[in-house]
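Predicted, not measured: the structure shown is a model, and the values here were computed from it. Every chain is numbered from 1 and lettered A, B, ... according to where its sequence line falls, protein lines coming before strand lines. Values below: all heavy atoms of this structure, side chains included; hydrogens, waters and symmetry mates excluded.
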There are 2 protein chains.
Amino acid sequence: MSRRNAPKSVIKRLPVYLRILDNLIRRDVEIISSRVLSEETGFTAEQIRKDLAYFGAFGTRGTGYNTTYLREKLLRIIGLDKETKLVVVGVGHLGKALTRYNITKNPYVKVVGIFDANPKEHGSEIEGHKVMSMEEMPRVIKEHDVKVAMITVPAEPAQDVVDQLVENGITAILNFAPTKLHVPEEVHVHNADLTIELQSLIYYTLEDEKKNYAE
Amino acid sequence: MSRRNAPKSVIKRLPVYLRILDNLIRRDVEIISSRVLSEETGFTAEQIRKDLAYFGAFGTRGTGYNTTYLREKLLRIIGLDKETKLVVVGVGHLGKALTRYNITKNPYVKVVGIFDANPKEHGSEIEGHKVMSMEEMPRVIKEHDVKVAMITVPAEPAQDVVDQLVENGITAILNFAPTKLHVPEEVHVHNADLTIELQSLIYYTLEDEKKNYAE
DNA sequence: CATTGTGAACGGATTCACAGCC
DNA sequence: GGCTGTGAATCCGTTCACAATG
């Protein structure tokens, strides 16, 4: 069955399923029902079945899903069946931590270039990877045919950095800079904005205090 | 006009508006139309007007919105008109970086406690704040009446940490641990999961390669 | 008979279109 | 005239209910 254009919300859930399956397989669980997946993920069983059905019929009626088989299908669907190359731009505290996290914890992803505008950082190492100058970025992206970038620069230079990335062939950007990025339609941006998450969370702490907002 | 129960999607956009307003005010812009806000945020002008209308009529027909006035309203709506106290649990590389980020970049938020299970971290400082043992957490939360927590512990201990937080009165959790947290209905969790963001992004890099997934 | 896979019904959020107002 | 505020129409994702099937 071929890929129908699944909604974004579905795509965001696929990595969750993958993570649960990894855990189950580690515990030698071979079969899993949508009901149990539901308990593990917090999504409804119907939703899980429908999500998977966007890409094919992977289960067995009356039984459930084979964990190993489903995991392999998900890897293929998400695009993790082959290693994804990644460049990182910006190595402040957060950039360093996130880069380290990706290098050590994300087996499906390979960091092939780390860049920063600050010359003081050039040549320093993060988990054995040297930080390079921005000038080297185009060469590295082309050399490895990189499509995915993570940026953790401040808000001000972010758009300029993104323009350079897009110009050199990047089509997917994980943005930690606290700003809206403008990119061509074919380029995908996922924003991971700490401040927005935290502030919208704070909203709910006063949810029950029924207050007035005009005057 | 009083707060009607606005959808989650609206709440997530409020901090975006706030950030744009902060920038505009810094540039001495006094009036802004929903159309220009639309260009700055990427949301449609109608959506912006509707979002704001959930909380009141803050604009002037024929003119637009007064930036300073709207900013103040938004601060009040989100709950940022008074300082929000925050505790942090887990100070690995990522926890340290995020804590630093909050202390230095988030003026509306005040970190009142940083905790870690690892005794080696106890007494070490992050931007002048001492890291404490988990045993001190209940006291600090009660002393400051803290409602919001950020957790950056590994997946395994995350649920246990969350249970402790909830037990001590935390009602809002920003979760960086790569796992689903189970909490009572009245507790709000926002997940900020790097791996999920990155993996779902990778999906889109192969969007155009029309492939088959069942064999 | 348990569980998947799926068309139909539902509901919530976005967009449309325009009335209301400065 | 221009821009906000908003009911109505639309779109899209979730839930429901059940047919299909190992």
Could you tell me how far apart [X] ([atom1]) and [N] ([atom2]) are, to the nearest whole angstrom?
X     : N      : atom1 : atom2 : answer
A:Y54 : C:dT4  : OH    : C1'   : 17 Å
A:N66 : D:dG22 : CG    : P     : 16 Å
A:F55 : C:dT6  : CZ    : C1'   : 16 Å
A:F58 : D:dG22 : CZ    : P     : 17 Å
B:I48 : C:dT15 : CD1   : C1'   : 13 Å
B:I11 : C:dT14 : CD1   : P     : 12 Å

Subject >> Side-chain donor-acceptor contact under 3.5 Å, B:Q159 with B:D163 >> reply: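 Yes, because at least one side-chain N or O of B:Q159 sits under 3.5 Å from a partner of the opposite role on B:D163.
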
Would you mind checking if [Y] and [X] are paired as a salt bridge, meaning a charged N to carboxylate O distance below 4.0 Å?
X      : Y      : answer
B:D22  : B:R27  : no
A:R19  : B:D193 : yes
A:D145 : A:K147 : yes

Subject >> First encountered from the 5' end of DNA chain D, between B:L52 and A:S9 >> reply: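 With A:S9 and B:L52 compared, the 5'-side residue is B:L52.
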
Subject >> Any B:Y65 side-chain nitrogen or oxygen under 4.0 Å from OP1 or OP2 of D:dG5 >> reply: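 B:Y65 to D:dG5 OP1/OP2: side-chain N or O found under 4.0 Å.
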
**OP:** To the nearest 0.5 Å, tell me how far B:R49 CZ sits from B:F58 CZ.
**Re:**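 Here the rounded value is 15.5 Å.
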
Original post:
Counting only distance, no hydrogens or angles, is the base of C:dT15 paired donor-acceptor with the side chain of B:K50 under 3.5 Å?
Top reply: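 Yes, the side chain and the base share a sub-3.5 Å donor-acceptor pair.
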
Original post:
Is the base of D:dG13 touched by the side chain of A:K8 through a donor-acceptor pair closer than 3.5 angstrom?
Top reply: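 Side chain to base: no pair below 3.5 Å.
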
**OP:** Give a yes or no on whether the backbone of A:E30 and the side-chain of A:T67 come within a donor-acceptor separation of less than 3.5 Å.
**Re:**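 Side chain of A:T67 to backbone of A:E30, a donor-acceptor pair under 3.5 Å: yes, one is there.
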
Subject >> Donor-acceptor under 3.5 Å (A:N106 side chain, A:V109 main chain) >> reply: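 Absent.
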
Subject >> Contacting residues from residues 17-47 of chain B, given that a heavy atom lies under 4.0 angstrom of DNA chain C >> reply: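 Correct list: B:T44, B:E46, B:Q47.
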
Subject >> Degree of bending in the helix from C:dC1-D:dG22 to C:dC22-D:dG1 once both end axes are built from five pairs, to 10° >> reply: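 Computed angle between terminal axes is 10°.
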
From C-beta outward on [X], which listed nucleotide comes closest to its side chain: [options]?
X     : options               : result
B:A53 : D:dT14, D:dT6, C:dC22 : D:dT6
A:R49 : D:dG13, D:dG5, D:dA17 : D:dA17
B:R61 : D:dA19, D:dG2, C:dA13 : D:dG2

Original post:
Only one of B:L70, B:I48, B:I77, B:I78 clears side-chain contact (heavy atoms from CB on, under 4.5 Å) with B:Y17; which?
Top reply: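 Among the candidates, only B:I48 passes.
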
**OP:** Anything under 30° is parallel, anything over 60° is perpendicular, the rest tilted; go ahead and classify B:Y203 against A:F55.
**Re:**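 Perpendicular.
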
